[in-house]
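So the structure is just underneath, and the comments pick up after that.
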Amino acid sequence: MNTELTAAASNNFLKTIIDEDLKSGKHSCIVTRFPPEPNGYLHIGHAKSICINFGLAREFGGRCHLRFDDTNPAKEEREYIESIKESVSWLGFDWGEHLYYASDNFEQLYQWAVFLIEQEKAYVEDLNAEQIRAHRGTLTEPGTNSPFRTRSVAENLDLFSRMRDGEFPDGTRVLRAKIDMASPNINLRDPVLYRILHTPHPHVGDAWKIYPMYDFAHGQTDAIEGITHSICTLEFESHKPLYEWFLDNLPVSVRPRQYEFARLNLTYTVMSKRKLQELVKLGIVSGWDDPRLPTLEGLKRRGFTAVSVRNFCEQIGVGRSDSWIDVSTLEECVRSDLNESAPRVMAVLRPIKMVIDNFPDDLIEESQAANHPQNPEMGCRTIHFGREIWIDSDDFMEMPSKGFHRLTVGGEVKLRFGYIIKCLRIIKDGQGKIVELHGEYDPASREGIHTADGRKVKGVIHWVSASNAVTAEVRLFDRLFNDPNPDRGGADYKQFLNPNSVETLTNCKLEASLAAADVETRYQFERLGYFRMDPKDSLTSKPVFNRIVTLRDAWNKK
RNA sequence: AGGGGUAUAGCCAAACGGUAAGGCAACGGCCUCUGACGCCGUCAUCUCUUGGUUCGAAUCCAGGUACCCCUGCCA
């Protein structure tokens with residue numbers, strides 16, 4: 001069963017705050033929002049935010065809005081809007097009626113900007129970007145006032161309205177708030193409110209020639225939507241005074257509050273949009289949905305389940321300290337979900353042919369194999385056994401190492417759901433490469449792992465009948481990087497790329513039942529891992545399977 | 001002497017003045033027709049550090065230290 005974590009999840013500071021706000025009567029209903037900018041695809045870091053925002057709303061009986069923070073048309077595209085909606089839905093969250101766009105508020109925002117001008121709290125700046133920077137001062141030195149800071153209200157109003165009309169080219173003027181050029185918080189040194197951009201917008205078309213900055217849009221949009229708890233990542237903390245300044249100085253009737261949490265960092269991958277984009281552009285990965293990427297589309301294509309991603313987000317918790325979550329935590333979440341839900345099946349990835357010399361060559365035996373060892377309700381399937389079978393080359397060693405208890409020359413092993421077989425000789429080609437194994441089976445050993453004379457066979461291996469095996473391609477994915485933190489400053493993160501992050505095996509042998517494999521079903525290839533048919537590259541004539549994650553392997557570790 | 005944050009095990013994380021939850025990882029053992037799953041056990045005399053207050057401190061106070069964020073007409 002795809003059980004959501006039911007154990008009382010750990011407390012976190014956001015729940016504490018909301019709990020108190022509800023108890024004190026400050027709010028009777030909480031409203032949160034997930035506010036992506038449609039300038040790229042969502043990744044697992046966004047999933048954390050989505051789970052927090054939608055999760056909190058769900059837990060406390062409130063609601064969560066999906067809002068596109070679309071204030072910069074230079075970077076935003078419709079394609080991203082659609083992908084983001086799709087990813088949020090896939091994760092299992094529903095915004096219902098509450099789909100919003102910051103851009104739907106552009107007129108109100110404009111009026112508020114006019115209001116600030118009238119209050120002498122905003123002015124049109126003629127300085128160019130470089131000059132503004134020079135006036136801003138540094139971290140340790142105060143900035144200096146712009147010569148345009150004292151423009152009259154009338155002139156500001158006129159200029160701002162002409163900016164809106166598209167009278168001036170990009171970059172020639174901006175609207176700034178009049179706050180404090182000497183503030184130790186640089187965000188308060190007369191921040192830019194509006195810039196001129198003669199760029200069509202993915203949601204509102206070419207209605208605007210000026211666009212509000214994030215700071216001038218976010219808090220106000222929160223207020224308009226009636227957001228009670230505006231939850232964002234830590235880097236916005238220094239913007240909080242600005243967030244409040246606008247709410248204080250504008251005629252808004254409600255007060256959303258901003259709270260910050262630490263963004264997710266995952267080991268052995270990169271999360272920044274820029275780096276993800278670069279990997280795609282350089283062709284290092286096949287696209288945004290490359291199964292090795294931490295993008296939601298990539299994870300989805302690889303076969304991760306939404307419930308496993310949600311469980312992951314629940315398990316890692318929410319805090320305010322910078323953290324690096326070990327990717328093994330994510331892997332464990334998929335395993336535990338798939339262990340319960342995935343039907344078992346047999347597949348041989350690196351086939352060696354094994355001929356059972358004492359089995360009739362015209363006979364194919366049918367038998368039933370359980371689809372799940374602990375859940376009989378998942379039923380059985382028919383498997384076939386014949387004189388020739390495929391076994392995995394990893395399960396045979398000519399010179400076995402200590403502790404190896406699979407097939408060896410002269411040794412015996414149990415075929416999963418089959419007989420005990422013994423290998424008697426190896427056939428090699430001119431180069432000394434093994435081409436075929438020959439041996440015999442014990443007809444009385446169908447049930448259990450004991451031989452006729454009562455000995456217990458140590459090893460059980462998977463296998464596939466050569467008579468009706470399905471040939472397939474299987475892609476074995478590994479971590480994209482060799483270093484736990486490729487993102488660390490200094491060196492180029494690309495130098496840590498794992499050259500073996502994908503291994504493509506083209507001659508894999510799957511049991512016959514997989515000829516009818518379902519693209520939505522995650523299978524456990526017994527003893528190997530969890531796999532899912534690739535929804536893009538799979539062909540009826542040549543199925544392609546992605547390895548989602550391996551099984552834990554106590555033997556391999558030694 | 002710029003401002004704002006954060007420090008609890010290998011990685012996350014709870015604890016709200018009453019004697020350090022939980023998960024992941026790791027390590028032993030049991031079980032097993034998947035070296036899987038499951039089960040049992042081990043894993044902080046201690047909360048960045050130094051002092052102080054208190055019968056009692058991870059929690060309160062004072063001083064250090066380390067790391068993160070902020071000088072886009074990005075979000």
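Quick note on labels: first sequence line is chain A, next is B, and so on, each numbered from 1.
Distance from the side chain of A:Glu447 is smallest to B:C33 among B:C33, B:U34, B:C24. Residue A:Gln524 has its side chain nearest to B:U34 when only B:U34, B:G35, B:C12 are considered. You'll find that the side chain of A:Asp326 is closest to B:C11, out of B:A36, B:C12, B:C11. For A:Ser321, counting side-chain heavy atoms from C-beta on, the closest listed nucleotide (B:C11, B:U6, B:C37) is B:U6. Minimum atom distance to the side chain of A:Glu526 is reached by B:U34, of the listed B:C37, B:U34, B:C24. When the nucleotides B:C16, B:G35, B:G5 are ranked by their closest atom to the side chain of A:Phe404, B:G35 comes out on top.
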Protein-nucleotides 69-75 of chain B N/O pairs closer than 3.5 Å?
residue: B:U71; atom: O2'; partner: A:Arg136; partner atom: NE; Å: 3.3
residue: B:G72; atom: OP2; partner: A:Arg136; partner atom: NH2; Å: 2.9
residue: B:C73; atom: OP1; partner: A:Arg136; partner atom: NH2; Å: 3.3
residue: B:C73; atom: OP2; partner: A:Arg136; partner atom: NH1; Å: 3.1
residue: B:C73; atom: N3; partner: A:Gly171; partner atom: O; Å: 3.3
residue: B:C73; atom: N4; partner: A:Leu127; partner atom: O; Å: 3.3
residue: B:C73; atom: N4; partner: A:Ala129; partner atom: N; Å: 3.1
residue: B:C73; atom: N4; partner: A:Gly171; partner atom: O; Å: 3.0
residue: B:C74; atom: OP2; partner: A:Arg195; partner atom: NE; Å: 3.0
residue: B:C74; atom: OP2; partner: A:Arg195; partner atom: NH2; Å: 2.9
residue: B:C74; atom: O3'; partner: A:Arg195; partner atom: NH2; Å: 3.1
residue: B:C74; atom: O2'; partner: A:Asn72; partner atom: ND2; Å: 3.2
residue: B:A75; atom: OP1; partner: A:Thr71; partner atom: OG1; Å: 2.7
residue: B:A75; atom: OP1; partner: A:Arg195; partner atom: NH1; Å: 3.3
residue: B:A75; atom: OP1; partner: A:Arg195; partner atom: NH2; Å: 2.8
residue: B:A75; atom: OP2; partner: A:Tyr214; partner atom: N; Å: 2.9
residue: B:A75; atom: O3'; partner: A:Asp69; partner atom: OD2; Å: 3.4
residue: B:A75; atom: N6; partner: A:His239; partner atom: NE2; Å: 3.0

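Atom CH2 of A:Trp555 and atom C1' of B:C37 are 20 Å apart (whole Å). Distance A:Gln258 CD to B:G5 P: 12 Å, rounded to the nearest Å. For the pair A:Lys456 NZ and B:C33 P, the interatomic distance rounds to 6 Å; values are reported in whole Å. In this structure, the CG atom of A:Asp392 is 13 Å from the P atom of B:G35, given to the nearest Å. Across the protein-nucleic acid pair, A:Leu330 atom CG and B:A25 atom P stand 12 Å apart, rounded to whole Å. A:Asn375 has its CG atom 15 Å from the C1' atom of B:G38, to the nearest Å. With rounding to whole Å, A:Gln374 atom CD is found 12 Å from B:C31 atom C1'. Summarising the geometry, the separation between CG on A:Asp394 and P on B:G35 is reported as 13 Å, rounded to the nearest angstrom.
Taking the salt bridge (Lys or Arg N to Asp or Glu O under 4.0 Å) definition, one finds that A:Lys23 meets it with A:Asp19, sequence neighbours left out. Not a single side-chain hydrogen bond (donor to acceptor under 3.5 Å, both in side chains) links A:Glu77 to another residue, sequence neighbours left out. Qualifying side-chain hydrogen bond (donor to acceptor under 3.5 Å, both in side chains) partners for A:Thr269, counting only residues two or more places apart in sequence or in other chains: none.
Comparing the P positions of B:G63 and B:C68 gives an interatomic distance of 24 Å, to the nearest angstrom. Across the C1' atoms, B:G51 and B:U42 are found 36 Å apart, a figure rounded to whole Å. Comparing B:C46 with B:G56, their C1' atoms are spaced 16 Å from each other, to the whole Å. Atom C1' of B:A20 sits at a distance of 14 Å from the matching atom of B:C43, rounded to the whole Å. Only the C1' atoms considered, B:A36 is 40 Å distant from B:A58, to the nearest whole Å. For the P atom pair drawn from B:A13 and B:C24, the interatomic distance equals 16 Å after rounding to whole Å. Rounded to whole Å, the separation between the P atoms of B:A14 and B:A7 comes to 9 Å. Rounded to a whole angstrom, the distance from the C1' atom of B:G4 to that of B:G18 is 34 Å.
Nucleic acid contact class of A:Thr140 (heavy atoms, under 4.0 Å, all strands): base. Backbone-only contact: A:Val318 has heavy atoms under 4.0 Å from sugar-phosphate atoms and none from a base. A:Gly143 comes within contact range of no nucleotide atom at all, as no heavy-atom separation falls under 4.0 Å. Nucleic acid contact for A:Arg274: none, since no nucleic acid atom lies under 4.0 Å from a heavy atom of the residue. Using a 4.0 Å heavy-atom criterion, one finds that A:Arg406 contacts the bases of the nucleic acid, with or without backbone contacts as well. Among the atoms of the strands shown, base atoms are found under 4.0 Å from some heavy atom of A:His405. Counting non-hydrogen atoms under 4.0 angstrom, A:Tyr211 reaches nothing in the nucleic acid.
Nearest-nucleotide assignment on RNA chain B puts the 5′-proximal partner with A:Arg527, out of A:Ser336 and A:Arg527. Two residues, A:Arg335 and A:Ile316, neighbour RNA chain B, and the one matched to the more 5' nucleotide by heavy-atom proximity is A:Ile316.
In B:G72 the base sits syn relative to the sugar, since the glycosidic angle is no further than 90° from 0.
The cationic atom of A:Arg164 (NZ for Lys, CZ for Arg) lies less than 6.0 Å from the six-membered ring centre of A:Tyr110 and within 45° of the ring axis. A cation-pi contact, defined as under 6.0 Å to the ring centre and within 45° of the axis, links A:Lys240 to A:Tyr259.
Taking the side chain as every heavy atom from C-beta outward, A:Arg33 and A:Ile231 approach each other to under 4.5 Å. A:Glu237 places a side-chain heavy atom less than 4.5 Å from the side chain of A:Arg320.
Between A:Tyr441 and A:Tyr419, the ring planes lie perpendicular to each other; the angle is over 60°, past the 30° to 60° tilted range. Classified by interplanar angle (parallel below 30°, tilted 30° to 60°, perpendicular above 60°), the ring pair A:Phe525/A:Phe531 is parallel.
Contact annotation: A:Arg552 side-chain N/O to B:A26 OP1/OP2 distance is under 4.0 Å. Checking the phosphate oxygens (OP1, OP2) of B:A13, no side-chain nitrogen or oxygen of A:Asn12 falls inside 4.0 Å. Between A:Arg320 and B:U6 there is a side-chain polar atom (N or O) within less than 4.0 angstrom of OP1 or OP2.
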Determine which bases of RNA chain B form Watson-Crick or G-U wobble pairs with both distances under 3.5 Å, and write the result as a 5' to 3' dot-bracket string with | for other-strand partners. .((((((..(((.....[...))).(((((.......))))).....(((((..]....))))))))))).....

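When each of A:Asp553, A:Asp395, A:Asp394, A:Thr550 is paired with A:Arg527, the side-chain hydrogen bond (donor to acceptor under 3.5 Å, both in side chains) condition holds for A:Asp395 and for no other.
Note on residues 169-194 of chain A: pairs passing ring pair (Phe, Tyr, Trp, His ring centres under 6.0 Å), not counting sequence neighbours, are A:Phe160-A:Tyr194, A:Tyr194-A:Phe216.
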A:Thr382 and A:Gln368: side chain to side chain donor-acceptor pair (under 3.5 Å), yes or no, with the steps? CA-CA 5 Å; A:Thr382 301; A:Gln368 295 300 111; 2.9 Å; yes

